[in-house]
Amino acid sequence: MAKQAEQKQSKKRDWLLNWVSRHKVSGIKRRWLVNNLSIVVLLLAILFIVAGAAITGYYYDSLYTSLQSRANTSAKSFTNYMSSSLNDFYRNAEQQTLEFTEKDKIEMQVLNSSGHILYSSTGLVAGTVPATTDVNQCIETRDLASFTGYDPLTEERIMAVTAPVFQKGSDTLIGEVRYVTSLKLLDRQIAHIYLLLGGVALAVLVLIFVTNQFFIHSIVNPALKINELAHQIAKGQYGARLDMDFNDEMGELCNTLNNMSTEIARMEKLKNDFISSVSHELRTPLTAIGGWAETVENNLDDPNTVETGLAIIRKETTRLSQMVEELLDFSRLESGRMKLRTDVFDLRGDVYDALFTYHEMLRQEGMETLYSEPLTPVYINGDRDRLRQVFLNIIDNAAKYGQSGGKIDLSLAEEEGQAVVRIRDYGQGIPAEELPLVKEKFFKGSSRQRGAGIGLAVCDEIVALHGGSLDIESTYGEGTTVIIRLPLSPTGGNNETATEL
């Protein structure tokens, strides 16, 4: 029972860890939310403050304008029509305050020249002095004055405007007209507006957050899968793919990664085949050398055996040296350390020498060779040793893969400012599906011939270093043609002759 409870607890703990791992905010998601939402919040805060200040200013300015208009109008009316004497002013002041119709919103007060209240529309006790600064300011400046703030007597936020009243026909100050209103309702209305603005800002923020979540998921989820694919490839699971269908940049990235994974898997297979092939190619001559060395050692009194053994040992040693040199050339090309020693020379001699090197071997194997070259020199600027290496490699391939055809054609010509070397065999040819891959490193295709699969890759790189190109044309069942194009030096000829070796 205790073991079962422990297993159950362990399953719960694993489930919780997996849930947290799935729902934790990833780095991209966190950065996006922090950066994007912080800007949005800042903009909304600025808009909230600006809009709130504008609305508050509008309401307060409107109320002040209304009170100012009332105070000016009443003061002018008293001055012009109701203040021929103090008695006339007091009588009209009482009548105006009693007949004031907006007592529930605004209080109208009439004060004497010293600032004491004479009459009030709210029935305020006469003789009291308002505690705000607008009254004294109006008396001192003999001009309109206002006050907005807390009334020291009532501790209520108010707005008051006071205008001077002069005796008719003189500049004698005989009183003031004062309008007072509470800001409680206005402040409450403005507070509601602020709440409304805050609600709108919050709704906008939530909407942006929700829409961002969808957008982030469309980026983060594929990114997580891409990261998972990268981890799989890093662990050696070459060929792993992403089954995702997007018609945007993320889709292009997924397709690129799928292609990369497929290519890595292919190159890994080629590399393994290369290692296996090289191991076999090295083991064969080494076995032959070791076996014949032992045979010679045990048959030192037999001249024929010694001569045969030493000849095989020399042959296999040369073969090993060629393989090692080919591998070294490939390494130099891959690392960019191969240097060309160039000079201007006539290419005819080097092409002919390469063919002559294989002539006897080809003759013994029953293969016919046909060579044609121009009558005049074909000058190029290149590395003679490296180019001879290319010609020898191509002729060797033609001999190996085209032996069934019994014939090799080799020609040198000038075409459109280039020296063009064509080497053709009449063997089995290359299957159409393998033709685009034959120049890639490590590729051997369906051929069972010996080799490491890097000879053509090295040749192609050497020709490219000379500013030329190496192309392969082949029809399966009819043979293969290798075309090498090299840029000419300023001089050259264009007459051709044919020589059969």
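Reckoned from all heavy atoms, side chains included, excluding hydrogens, waters and symmetry mates. Note that the coordinates shown come from a computational prediction; the quantities given were computed from them, not determined experimentally.
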Quick one: do V482 and I484 satisfy side chain to side chain contact (heavy atoms under 4.5 Å, CB included)? Show the steps, please. CA-CA 7 Å; V482 178; I484 301 168; 4.3 Å; yes
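- Of the residues T481, D460, L435, the one that meets the side-chain contact (heavy atoms from CB on, under 4.5 Å) test with I472 is L435.
- Within the 4.5 Å cutoff, side-chain heavy atoms of L347 are placed close to those of V421.
- The closest side-chain donor-acceptor pair between Y401 and D396, if any, does not fall under 3.5 angstrom.
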Going through the distances and angles, do L410 and T369 end up as a side chain to side chain contact (heavy atoms under 4.5 Å, CB included)? CA-CA 8 Å; L410 193 153; T369 57; over 6 Å; no
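- Heavy atoms of other residues, nucleotides or ligands lying less than 6.0 angstrom from OH of Y58 number 12 at most.
- Applying the ring-ring contact (aromatic ring centres under 6.0 Å, His included) criterion to Y476, with sequence neighbours excluded, gives no partner residue.
- Shortest non-hydrogen contact noted between F48 and G198 is CE1-N, 3.5 Å.
- The shortest side-chain heavy-atom distance between N304 and N299 does not fall under the 4.5 Å cut-off.
- Counting heavy atoms from C-beta on, the side chains of T295 and T305 come closer than 4.5 Å.
- Taking CD1 from I380 and CG from L486, the interatomic distance works out to 5.0 Å, rounded to the nearest 0.5 Å.
- Closest non-hydrogen pair, V378 versus A419, comes out as CG1-CB, 3.7 Å.
- The nearest pair of heavy atoms linking G479 to S474 is O-OG, 3.1 Å.
- Qualifying side-chain contact (heavy atoms from CB on, under 4.5 Å) partners for L47, counting only residues two or more places apart in sequence or in other chains: none.
- Remark: E297 CD is loosely packed, at most 12 non-hydrogen atoms of other residues, nucleotides or ligands lying under 6.0 Å away.
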Which is it for I193 and Y59 under the side chain to side chain contact (heavy atoms under 4.5 Å, CB included) test, yes or no, and what are the steps along the way? CA-CA 11 Å; I193 294 174; Y59 276 99; 3.6 Å; yes
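- Between D187 and R157, at least one side-chain nitrogen of the basic residue sits less than 4.0 Å from a carboxylate oxygen of the acidic one, meeting the salt-bridge criterion.
- Evaluation of the salt bridge (charged side-chain N to carboxylate O under 4.0 Å, His left out) rule for E156 yields no partner, not counting sequence neighbours.
- Using a 4.5 Å heavy-atom threshold, the side chains of M159 and L63 count as touching.
- Summarising the geometry, atom SG belonging to C459 is positioned 6.5 Å from atom CD belonging to Q389; distances are rounded to the nearest 0.5 Å.
- Residues L44 and V204 are in side-chain contact: their nearest non-hydrogen atoms beyond the backbone lie under 4.5 Å apart.
- Salt-bridge annotation for R341 and D383: absent, with no side-chain N of the basic residue lying under 4.0 Å from a carboxylate O of the acidic one.
- For the pair E461 and R386, the salt-bridge criterion is not met [side-chain N within less than 4.0 Å of a carboxylate O].
- Between atom CG of residue L197 and atom NE2 of residue H192 there is a gap of 13.0 Å, rounded to the nearest 0.5 Å.
- Residues I190 and Y60 are in side-chain contact: their nearest non-hydrogen atoms beyond the backbone lie under 4.5 Å apart.
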Between T308 and W292, is the side chain to side chain contact (heavy atoms under 4.5 Å, CB included) condition met? List the steps. CA-CA 9 Å; T308 302; W292 276 102; 4.0 Å; yes
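- Environment of CD in E365: crowded, with over 12 heavy atoms of neighbouring residues, nucleotides or ligands closer than 6.0 Å.
- The closest side-chain heavy-atom distance from I394 to L456 is below 4.5 Å.
- Side-chain contact of D409 with Y371: a donor-acceptor pair under 3.5 Å is absent, judged by distance alone.
- Between atom CD of residue E414 and atom OH of residue Y379 there is a gap of 11.0 Å, rounded to the nearest 0.5 Å.
- Expressed to the nearest 0.5 Å, how far OG1 of T181 lies from CG of L186 amounts to 8.0 Å.
- S69 places no side-chain N or O within 3.5 Å of a backbone atom of S66 that could act as its donor or acceptor partner.
- Residue R348 comes nearest to P374 through the heavy atom pair NH1-O, 3.1 Å, listed as atom of the first residue, atom of the second, then distance.
- Here the closest non-hydrogen pair linking A399 and I408 is N-CD1, 3.9 Å.
- Rounded to the nearest 0.5 angstrom, E415 CD and R422 CZ are separated by 4.5 Å.
- Looking at I483 and V420, their side chains come closer than 4.5 Å, going by heavy atoms from C-beta outward.
- Closest approach of A398 and I423 over heavy atoms only: CB-CG2, 4.3 Å.
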